[in-house]
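So the structure is just underneath, and the comments pick up after that.
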There are 2 protein chains.
Amino acid sequence: MRTAAKKARPRATPLSRPRILRAALAIADTAGLEGLTVRRLAQELGVTAMAIYRHYESKDAIERSLVDLVVGDYDVTSHDDADWREWICTTYALMRRGLCEHPAIIPLLSKATYAGSDAMAVLERVLCRFGEAGLAPHVATRLFHTLMAYTIGSVTLRSLESLHAGARGPRAASQQLRERRLEFARGPRSRYPRVVAAASHLASHFEGRHFEAGLRAIIGGVLAAPPVRSGRCAAESRISLPRSAASMPVSAPVACVPGRDRSD
Amino acid sequence: MRTAAKKARPRATPLSRPRILRAALAIADTAGLEGLTVRRLAQELGVTAMAIYRHYESKDAIERSLVDLVVGDYDVTSHDDADWREWICTTYALMRRGLCEHPAIIPLLSKATYAGSDAMAVLERVLCRFGEAGLAPHVATRLFHTLMAYTIGSVTLRSLESLHAGARGPRAASQQLRERRLEFARGPRSRYPRVVAAASHLASHFEGRHFEAGLRAIIGGVLAAPPVRSGRCAAESRISLPRSAASMPVSAPVACVPGRDRSD
DNA sequence: GCATCGAGTATACGGTGTACACTCCAGGCA
DNA sequence: TGCCTGGAGTGTACACCGTATACTCGATGC
């Protein structure tokens, strides 16, 4: 069986960017981002590692395209005529859904490198829509930023939801990780009962419509908010903060994860 | 000079978790997360790579502690008597500041593994404060989630702000990356003028007080929002989405980053 | 029939996290 | 004072990573 990929090049299904990308996404979905390896990707495609570099200049380029694939590629033009708030909610809900289905690519969002044309096109359409709705540019920018941040942060936080005791799902959850979660969540000895309760509640009740409700709340809040006063910056100027991080030396011993259990 | 660290163990400044952590943060700040290497960390500390494993069981454990250090360690008890909204704003502003000062650790936030005790303590205090303010538990959870998501997303999005043409700063911005940014932003040939304008505006005008204004807008919006109706999930159910990602095959060729410029 | 070209291969290199066995040195105790 | 012990730090080794370089084919144009 499997006459493919040894010496004779069978050319059955030639390599291509979409094929590589699809395989890469599948690997990232099942094995996480650190499981996504050029060699493994090649193996999955029945090909040598270097063959991939015929189509992508680097692994980084593949990851960039992954972001684009997940964040950028869906069709929201089909209800352009809906109320603009609904359109916005739908767009962000789709973005959230894509990220929730492929959580492995979330860490990539924070890299400036990863702004592909597809993702950009979606953002451009959102801003365009704000303009059509008559929002002043600076209000549109503010709303854009707030909704975008909420969406990205919301999917980032899903890792927190899995904190609660009943967290399940084989999504790269090693036994060790599961034990750490349980240590936080289990029973009355948890030092963070409210966090655990909130995580549990979010995990079991936070679905699409809660996210959309959050979007609507933010839209309402931002549109109702007074313009930002220049001048004093309330919070940051009020407290003289003794940050222990950064450039100043760490004075107190840093409390670390629960304890060194290295048996040897 | 430098009699240290060859054969004779000078024991001048013995290794310790805080010392390792501080060095690791410094490396991450200057060289990015991918520049943070056990070997480089050891070198910076004048020590062998394996010496570090006496104090941390793995590199992952170090990264976890880094998150804790940046996100968890600041003192907000000094104004516990302030209005609760102000307290909340200050707390989140400090969190944001820490993350902005050490953007390298942002990708770590989306890993479920990385919930250390210090970070947890801060979250617990926030939820506690919500309770004291008389918020119903489900409202508190919702507000907590929204503010948290906004904060994390806001720092994640800072990479987008650097999109605009004038982006500077040597923060691991390679020449290649800078060129890619310029390609997006420069002049009228940009295909995404609104995104570039918004990024530019955010980069030059979005400071602490705008972030805090966003926090206040969100608090207002969430508190004023109607309870989430169960039943129909508006956006997601309204559209039959032809996602090209995920399990279905990629039909159309995926538009990728601007062009294959592999000269050979 | 032959040159060309491009997709895929083979090999190699430097760098990564970390397992394992070791070498010291400080301290307790005779 | 001298020995013993345990832990901090070293040295070496391994499997794996991304990718540069040089190659080998098979299809294609003349």
Side-chain angles (χ1 to χ4, degrees), chain A residues 2-20 23-24 27-28 31-66 108 111 113 174 176 259-264, chain B residues 2-20 23-24 27-28 31-66 108 111 113 174 176 253 260-264:
Chain A
R2 197 193 164 88
T3 64
K6 226 3 186 314
K7 266 297 187 183
R9 254 72 56 96
R11 195 69 26 125
T13 46
L15 230 41
S16 67
R17 283 193 164 218
R19 221 162 81 77
I20 294 174
I27 293 175
L33 196 59
E34 62 271 28
L36 176 57
T37 280
V38 177
R39 283 173 160 91
R40 169 152 183 198
L41 179 54
Q43 177 186 327
E44 215 80 23
L45 291 164
V47 120
T48 301
M50 289 315 293
I52 297 196
Y53 288 86
R54 283 282 153 201
H55 303 263
Y56 280 97
E57 73 199 18
S58 65
K59 187 190 175 188
D60 196 80
I62 297 177
E63 294 180 339
R64 240 178 294 134
S65 292
L66 273 184
L108 300 178
K111 310 205 181 189
T113 334
S174 64
Q176 186 191 7
R260 306 204 40 218
D261 47 354
R262 290 170 59 92
S263 54
D264 181 2
Chain B
R2 198 190 164 89
T3 65
K6 218 33 213 258
K7 264 297 187 184
R9 252 71 59 95
R11 197 63 30 120
T13 47
L15 231 43
S16 68
R17 283 193 165 219
R19 222 161 81 78
I20 293 173
I27 292 175
L33 196 58
E34 61 272 29
L36 175 57
T37 281
V38 177
R39 283 172 161 90
R40 169 154 183 196
L41 180 54
Q43 176 186 329
E44 215 79 26
L45 291 164
V47 122
T48 301
M50 290 314 294
I52 295 190
Y53 288 87
R54 283 281 153 200
H55 302 264
Y56 280 98
E57 71 200 20
S58 66
K59 188 191 175 187
D60 195 81
I62 297 176
E63 293 180 339
R64 240 180 292 134
S65 291
L66 272 185
L108 301 177
K111 312 207 180 184
T113 335
S174 64
Q176 186 191 7
R260 306 203 41 220
D261 46 353
R262 290 171 57 92
S263 55
D264 181 4

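By convention in this document, chain letters (A, B, ...) are assigned in the order of the sequence lines, proteins followed by strands, and residues within each chain are numbered from 1.
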Here the distance between atom C1' of C:dC13 and atom OH of A:Tyr53, to the nearest Å, is 14 Å
Regarding the side chain of B:Met50, the nearest nucleotide among D:dG9, C:dT9, C:dC20 is C:dC20
Against the side chain of B:Arg54, the closest entry in D:dG11, C:dG8, D:dA8 is D:dA8
Rounded to whole Å, the CZ-C1' distance (B:Arg17 to D:dG9) equals 17 Å
Grab the N/O contacts between the protein and nucleotides 14-16 of chain C below 3.5 Å, and write none if there aren't any.
residue	atom	partner	partner atom	Å
C:dT16	OP1	B:Thr37	OG1	3.2

Nearest heavy-atom approach of A:Leu45 to A:Ala23 is CD2-CB, 3.8 Å
Heavy-atom closest pair (B:His55 atom, B:Ile20 atom, distance to 0.1 Å) is CB-CD1, 3.7 Å
On a heavy-atom basis, the closest approach of A:Ala49 and A:Val38 is O-CG1, 3.9 Å
Whole-Å distance, A:Leu45 CG to C:dG8 P, equals 10 Å
A:Arg19 atom CZ is separated from C:dA7 atom P, nearest whole Å, by 14 Å
Rounded to whole Å, CD of A:Gln43 lies from C1' of C:dG8 at a distance of 17 Å
**Item:** Beyond-backbone contact of A:Gln43 with A:Thr37, side-chain heavy atoms, under 4.5 angstrom
**Value:** no
From CD1 of A:Ile20 across to C1' of C:dG8 the rounded distance in Å is 12 Å
Closest non-hydrogen atoms of A:Leu41 and A:Ile27, given as atom of the first, atom of the second and distance, are CA-CD1, 3.6 Å
Check for a donor-acceptor pair, side chain of A:Arg17 on one end and backbone N or O of A:Tyr56 on the other, with a separation under 3.5 Å. no
In whole angstroms, the gap separating P of C:dT9 from CG of A:Leu15 amounts to 9 Å
d(B:Asp60 CG, B:Ser65 OG) to nearest 0.5 Å is 10.0 Å
5'-most contact on DNA chain C (nearest-nucleotide basis), B:Ala49 vs A:Ile52, goes to A:Ile52
Residue pairs meeting salt bridge (Lys or Arg N to Asp or Glu O under 4.0 Å), one or both in residues 38-52 of chain B, sequence neighbours left out, come to B:Arg40-B:Glu44
On a heavy-atom basis, the closest approach of B:Lys59 and B:Leu36 is NZ-O, 2.9 Å
When the rotation axes relating C1' atoms of four end pairs to the next four are compared across the helix from C:dG1-D:dC30 to C:dA30-D:dT1, five pairs an end, they differ to 10° by 10°
